[in-house]
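One structure is given here, and the rest of the page talks about it.
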Amino acid sequence: DDPYSFENSSISLTLNQILPYDIFGKMTFSYMDKNYNTYILQSDSSKLQRKDKVYFSNISLTKDFEIRDFLFNSISNELAYTYFKNESNLSEFLFNYNDLYLSFTFNF
């Protein structure tokens, strides 16, 4: 997406919570209504302005572990789930996906 080729209205909500055992929880929900400034040429030679509705949600849990007298100072572990859905008036821009990932970050 070219960030200059559309106008949008959006709303986002993020909730953060420190859970037991110093686990940091985060939930994010976003909605965007995008109106593109360019027109797409259709197969019947007509032009159509692209309009998308985007839904995004993310839930993550993060835990930091301090490590003394080792090669690095701490390890940060994150488990996250993401869902992204794009509804468009043009079929080639319809998609949704989700992913689940586990990451480890070593801090020196």
Side-chain angles (χ1 to χ4, degrees):
D1 262 353
D2 178 0
Y4 300 105
S5 68
F6 63 83
E7 297 175 358
N8 77 338
S9 299
S10 64
I11 187 166
S12 184
L13 172 68
T14 300
L15 302 171
N16 297 310
Q17 181 67 43
I18 297 176
L19 302 169
Y21 305 105
D22 292 327
I23 296 173
F24 182 74
K26 183 176 183 179
M27 293 188 332
T28 302
F29 304 97
S30 297
Y31 168 78
M32 289 179 278
D33 188 12
K34 295 175 157 182
N35 294 309
Y36 286 80
N37 299 324
T38 58
Y39 288 84
I40 307 294
L41 183 63
Q42 299 296 293
S43 59
D44 64 357
S45 298
S46 65
K47 293 181 182 177
L48 186 62
Q49 186 177 11
R50 180 179 167 192
K51 295 180 181 183
D52 291 4
K53 294 182 189 294
V54 179
Y55 304 90
F56 171 82
S57 60
N58 178 276
I59 299 172
S60 66
L61 298 172
T62 305
K63 171 76 175 157
D64 295 329
F65 296 94
E66 299 269 337
I67 298 176
R68 301 282 183 221
D69 301 326
F70 202 69
L71 182 61
F72 40 86
N73 296 330
S74 66
I75 298 175
S76 180
N77 299 330
E78 180 181 22
L79 176 65
Y81 172 77
T82 301
Y83 177 75
F84 189 94
K85 181 177 184 179
N86 195 77
E87 293 180 350
S88 180
N89 62 336
L90 299 168
S91 61
E92 57 265 29
F93 298 106
L94 291 171
F95 60 88
N96 64 33
Y97 67 87
N98 55 36
D99 60 358
L100 178 67
Y101 64 88
L102 176 64
S103 68
F104 299 93
T105 304
F106 300 90
N107 302 306
F108 296 92

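This chain uses plain numbering: 1 for the first residue, then up along the sequence.
Between Phe29 and Tyr31, every side-chain heavy-atom pair lies at or beyond the 4.5 Å cut-off. Counting only heavy atoms from C-beta outward, the side chains of Tyr55 and Glu87 approach each other to under 4.5 Å. Counting heavy atoms from C-beta on, the side chains of Arg50 and Asn89 come closer than 4.5 Å. Taking 4.5 Å as the limit, some side-chain heavy atom of Ser74 sits within range of a side-chain heavy atom of Asn107. The closest side-chain heavy-atom distance from Ser57 to Ile59 is not below 4.5 Å. Using a 4.5 Å cut-off on side-chain heavy atoms (C-beta onward), Leu100 and Tyr81 make contact. Within the 4.5 Å cutoff, no side-chain heavy atoms of Lys26 are placed close to those of Asn58.
Both tests do not hold together for Lys34 against Tyr36: distance to the six-membered ring centre under 6.0 Å, angle to the ring axis within 45°.
Separating the CG atom in Asp64 from the CD1 atom in Ile23 is a distance of 11.0 Å, to the nearest 0.5 Å. For the atom pair CZ of Phe106 and CG of Asn73, the computed distance is 13.0 Å after rounding to the nearest 0.5 Å. Separating the OG atom in Ser30 from the CD1 atom in Ile11 is a distance of 9.5 Å, to the nearest 0.5 Å.
Atom CZ of Phe108 has more than 12 heavy atoms from other residues, nucleotides or ligands within 6.0 Å. Heavy-atom neighbours of Asn96 CG from other residues, nucleotides or ligands within 6.0 Å: above the threshold of 12. More than 12 heavy atoms of other shown residues, nucleotides or ligands fall within 6.0 angstrom of atom CG in Leu102. Residue-environment remark: CG (Leu13) exceeds the threshold of 12 foreign heavy atoms within 6.0 Å. Within a 6.0 Å sphere centred on CD of Glu7, heavy atoms belonging to other residues, nucleotides or ligands number 12 at most.
Other residues sharing a hydrophobic cluster with Phe84 under the 4.5 Å side-chain heavy-atom criterion for ILVMFWY residues are Met32, Val54, Phe56, Phe95, Tyr97.
Asn86 places no side-chain N or O within 3.5 Å of a backbone atom of Asp52 that could act as its donor or acceptor partner.
When hydrophobic clusters are built by joining Ile, Leu, Val, Met, Phe, Trp and Tyr residues whose side-chain heavy atoms come closer than 4.5 Å, directly or via intermediates, Ile75 is grouped together with Leu79.
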